[in-house]
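Data first, discussion second: the structure below is written as structure tokens.
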Amino acid sequence: KPNILGKNVLVSFLILHTVSCFAIDSRLSFPSQSNLVSFSNKRNKDVPVSTWLRSALLSATVSETESASKKTTSSTTLDEAVLTSMRKIRGGELSVVPKWPRGDKLDKKIIGIAVPTILNFAIAPLVGAIDLFWVGRMGDALAIAGQAAANQVYFSVFVMLNFIPSVMTPLIATATAKGDNDEAQNLVCQCLVVGLSIATVGNAIILFRPELVLRAVLGVGSPAMKYAKPYLVIRSFSLFFSVISLVAFSAYRGLMDTITPLKVSAIGNAVNAGLDPMFIFKPFSLGVPGAAAATVISEVVSAGIYTKLLLEKKLITFSKLFQVPAFETLKPLLYGGAAIQLRSVALNIAFLSITRATQSLDNTGVAAAAHAIAIQTFQLGGIFLLAMTPVTAILTSSQLVVKTDPITGETTGGPRSAKMVVNRLMAWGFLLGIVLGGLQLLAIPFLAAFSPLEEVQKAARIPSVIASILQVINGMVFIGEGVMQGCANYFTLAISNVIATIGLLAVMPYFKAKWGLVGVWGTFFVFNGLRLA
């Protein structure tokens with residue numbers, strides 16, 4: 001039997017024995033000394049040494065390989081993509097990843113995550129455009145203006161919850177990269193508890209004081225109020241279900257699964273698009289409130305599907321949903337959430353001031369309706385770029401985690417690797433901004449589809465041109481904000497948006513008095529320019 005000295009000699013002998021007696025499959029890792037020694041303690045004296053040696057070596061090797069495979073996550077493919085992009089054609093040595101897209105593995109990985117995310121982001125404004133189309137068929141500019149005002153107020157309340165995906169997605173991506181499924185489950189449950197609590201407060205404010213919150217965008221006695229108030233009250237019931245969908249969507253993004261959320265969103269929004277004409281016109285003939293009712297039903301459908309999926313994937317448990325989270329576990333979420341809320345407040349002030357400015361330009365609702373059409377086309381194009389923010393956050397946070405391959409010993413990830421991925425993403429943002437801006441310019445002749453009123457169509461043309469040009473700036477802005485979220489620099493991100501909002505408010509009176517609706521849209525250049533800087 002081997003004694004302590006004999007164990008060390010035995011391990012050395014096993015290494016030499018490997019070379020002479022075995023042809024090891026390249027997929028297996030080389031056994032560690034600790035595993036081999038543990039097997040040496042288990043040898044039966046009746047077993048021949050040569051037989052025991054082979055058994056010990058193969059068992060230790062397979063044990064190491066299985067242990068390594070359990071730690072493999074979806075981030076491995078990203079690491080491989082970066083490493084492949086870093087290798088030169090000659091020699092295989094590491095080099096700097098080229099900044100511009102070139103169709104390599106890194107680009108394919110970015111596209112694989114980005115395309116489903118972009119499509120998912122695009123569905124909501126597309127259905128919003130369908131809502132606008134059917135409301136526009138009513139032939140009343142005030143109906144369009146009222147719905148647009150109510151939508152802005154609703155999203156201003158909902159934006160209080162926007163910290164959830166901004167903070168949660170990078171945290172889930174980091175937990176996944178580490179292989180910590182329990183941490184991911186805790187994050188999802190905590191975000192649901194916090195999100196539903198905030199939604200309860202927001203719903204109560206809208207439900208009991210709708211006119212008060214609508215005064216943020218509509219003046220006293222505004223003729224659009226009769227359309228905005230019933231729409232907002234009905235729409236407020238979707239807030240709870242939207243929280244469930246938001247948390248689930250963020251969780252799947254953190255897992256780098258962007259296909260599942262796309263399918264759920266497609267189903268929910270298809271329900272909304274199908275119910276719009278039925279609720280607005282016949283057979284229910286509810287008018288503008290009918291659009292809100294269709295949206296509530298679609299949110300219920302989406303939330304139900306997401307809940308079933310989260311339970312199946314064991315990302316939520318009912319026991320944790322009814323537990324009060326400990327402060328230490330909530331600390332990263334609360335810290336990031338506070339900074340994101342500051343950013344959200346700044347963005348809310350900016351967009352509410354723009355909406356209020358357009359509503360006060362005239363009493364006919366033409367300027368407000370033209371703005372609603374222009375902002376819709378702006379969002380349809382900009383949503384493709386906005387979707388790159390979470391994609392960037394996912395890739396940045398995942399790539400910052402330093403990982404060592406237990407088989408090859410090769411180290412991947414870290415700040416240098418993340419920086420090269422960010423450079424490539426920034427190039428993608430710039431190019432996408434140019435392409436989408438050009439496509440929006442080509443789509444301007446089709447503005448008539450949103451309103452049959454010629455005066456509204458005419459007033460919407462120049463703002464739509466401005467919206468197209470702004471996409472070039474947006475492409476880089478959204479990538480930069482995704483990087484800051486991925487690095488958890490939430491406070492710096494918030495301050496940049498506060499400065500941009502101050503700049504917008506400073507020039508708004510002059511721009512509005514000088515150029516009217518075109519001037520209001522001109523403030524976007526100041527706003528997004530400061531965000532980019």
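For the single chain, residues carry numbers from 1 onward in sequence order.
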Show your working on salt bridge (charged side-chain N to carboxylate O under 4.0 Å, His left out) between Asp182 and Lys314 and close with a plain yes or no. CA-CA 9 Å; Asp182 189 58; Lys314 296 183 178 179; over 6 Å; no
May I have the step-by-step check of side chain to side chain donor-acceptor pair (under 3.5 Å) for Lys512 and Thr523, ending in yes or no? CA-CA 9 Å; Lys512 175 187 171 184; Thr523 61; over 6 Å; no
Report the C-alpha distance between Lys109 and Asp104 in whole Å, list the side-chain angles of each, state the deciding distance to 0.1 Å, and finish with yes or no for salt bridge (charged side-chain N to carboxylate O under 4.0 Å, His left out). CA-CA 9 Å; Lys109 182 63 180 178; Asp104 55 13; over 6 Å; no
Intermediate values then yes/no, ring pair (Phe, Tyr, Trp, His ring centres under 6.0 Å), Phe378 and Phe524: CA-CA 11 Å; Phe378 181 54; Phe524 273 115; 5.6 Å; yes
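In terms of the ring-ring contact (aromatic ring centres under 6.0 Å, His included) criterion, Trp428 has no residue partners (sequence neighbours excluded).
Side-chain contact between Val135 and Tyr231 is absent, with no heavy atoms from C-beta onward closer than 4.5 Å.
Exactly one of Val153, Ile205, Ile206, Val157 qualifies for a side chain to side chain contact (heavy atoms under 4.5 Å, CB included) with Ser236. That residue is Ile206.
Listed by first and then second residue, the ring pair (Phe, Tyr, Trp, His ring centres under 6.0 Å) pairs involving residues 240-271 are Phe121-Phe249 (not counting sequence neighbours). The side chain to side chain donor-acceptor pair (under 3.5 Å) contacts involving residues 301-310 comprise Lys308-Glu312, where partners must be two or more places apart or lie in separate chains.
Salt bridge status for Arg424 with Asp107: present, with a side-chain N to carboxylate O gap under 4.0 Å.
The backbone N or O of Ile259 lies less than 3.5 Å from a partner atom in the side chain of Asp257, making a donor-acceptor pair. Thr389 contributes a side-chain N or O that, together with a main-chain N or O of Phe478, makes up a donor-acceptor pair within less than 3.5 Å.
Taking the ring centre of Phe155 as origin, the terminal cationic atom of Arg235 falls inside the region bounded by 6.0 Å and 45° from the ring axis.
For Ile462, the CD1 atom counts as loosely surrounded, since its 6.0 Å shell holds 12 or fewer non-hydrogen atoms of other residues, nucleotides or ligands.
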